[in-house]
Amino acid sequence: LLLIAAIIFAESGMFVGFFFPGDTLLITAGVFAAQGKLSVTSVILVVIIAAIAGDNIGYHFGKRYGRRLFRKPDGIIFRQAYITRAELFYERWGSKTMLLSHFVPIVRTFAPPVAGVAKMNYKQFVIYDAIGITAWAISITMIGYWFGTRIPNIDQYAQLAVVLVVIITLGPTVYHIVQALLEKRKTDS
């Protein structure tokens, strides 16, 4: 449980989460809970607490230090125009973003600090983030639990499933980074 908490916290609060897809971890923990190796209630509670703590740290980090990342106007990833877009986006869609972001790998990692950079209302952030985290923790863990009760010896396939989920979740990110680099190279020429 401590390892699960550390990984979920790292995903939410330390900006390294896209290397540790939480969905895979929650499904795997659900499978182990179905086999009696973990308590499903304990897993869900640990995930909720770790994710809320991580997201709040991410929010405050973004609010305090985030704008410094956007000083250079023409960076590939950090551009000043993105702050304006983020502020408008979070003003209009912040609540829904915090509700749904946990269900989207990588977005889950960056939504809290971007909410901080965009100066989303903190009370609103806390409420909707907690609701989204709770829904995510329960639903994804219970999917794993359900599979664990239905498929005999599912733990034998866990490594293959983890590799596939990591490829699926990181694929679009790698694609967009490569696309941005190629576009930047094209405009610099």
Review point. How are the rings of Tyr122 and Phe125 set to each other: parallel, tilted or perpendicular (split at 30° and 60°)?
Key: parallel
Review point. Do any N or O atoms from the side chain of Thr141 and from the backbone of Ile138 form a donor-acceptor pair under 3.5 angstrom?
Key: no
Check your understanding: Is there side-chain contact between Trp136 and Val47, with heavy atoms separated by less than 4.5 Å?
Key -> yes
Review point. Is it the case that Tyr128 and Asn121 place a side-chain donor and acceptor less than 3.5 Å from each other?
Key: no
Review point. Which atom pair, heavy atoms only, marks the closest approach of Val46 to Ala5?
Key: CG1-CB, 3.5 Å
Review point. Taking C-beta and beyond as the side chain, do Leu38 and Ile4 meet within less than 4.5 Å on heavy atoms?
Key: yes
Check your understanding: Which pair of heavy atoms, one from Ser42 and one from Leu1, lies closest together, and at what distance?
Key -> CB-CD1, 3.7 Å
Practice item. Report yes or no: do Trp146 and Ile27 belong to one cluster of Ile/Leu/Val/Met/Phe/Trp/Tyr joined by side chain heavy-atom distances under 4.5 Å? Key: yes
Review point. If you round to the nearest 0.5 Å, how far is CG of Asp129 from CG of Asp55?
Key: 4.0 Å
Review point. Do Leu2 and Ile7 share a hydrophobic cluster, counting only Ile, Leu, Val, Met, Phe, Trp and Tyr and linking them when any side-chain heavy atoms are less than 4.5 Å apart?
Key: no
Check your understanding: Is the side chain of Tyr145 donor-acceptor paired with the backbone N or O of Ile140 at a distance under 3.5 Å, no angle test?
Key -> no
Review point. Under a single-linkage definition using a 4.5 Å side-chain heavy-atom cutoff for Ile, Leu, Val, Met, Phe, Trp and Tyr, are Phe61 and Ile133 assigned to the same hydrophobic cluster?
Key: no
Study note, to complete from the structure: Gly62 and Val117 have their tightest heavy-atom pair at O-CG2, 3.2 Å
Point to revise | Any Lys186 side-chain heavy atom under 4.5 Å of Leu182 side chain | key: no
Check your understanding: So do Met142 and Val40 actually touch side chain to side chain, heavy atoms under 4.5 Å?
Key -> yes
Check your understanding: Is it true that Ile127 and Ile52 fall in one hydrophobic cluster, defined by side-chain heavy atoms closer than 4.5 Å?
Key -> no
Check your understanding: So do Leu26 and Ile8 actually touch side chain to side chain, heavy atoms under 4.5 Å?
Key -> yes
**Study point:** Same apolar cluster (I L V M F W Y, side chains within < 4.5 Å links), Leu25/Ile49
**Key:** no
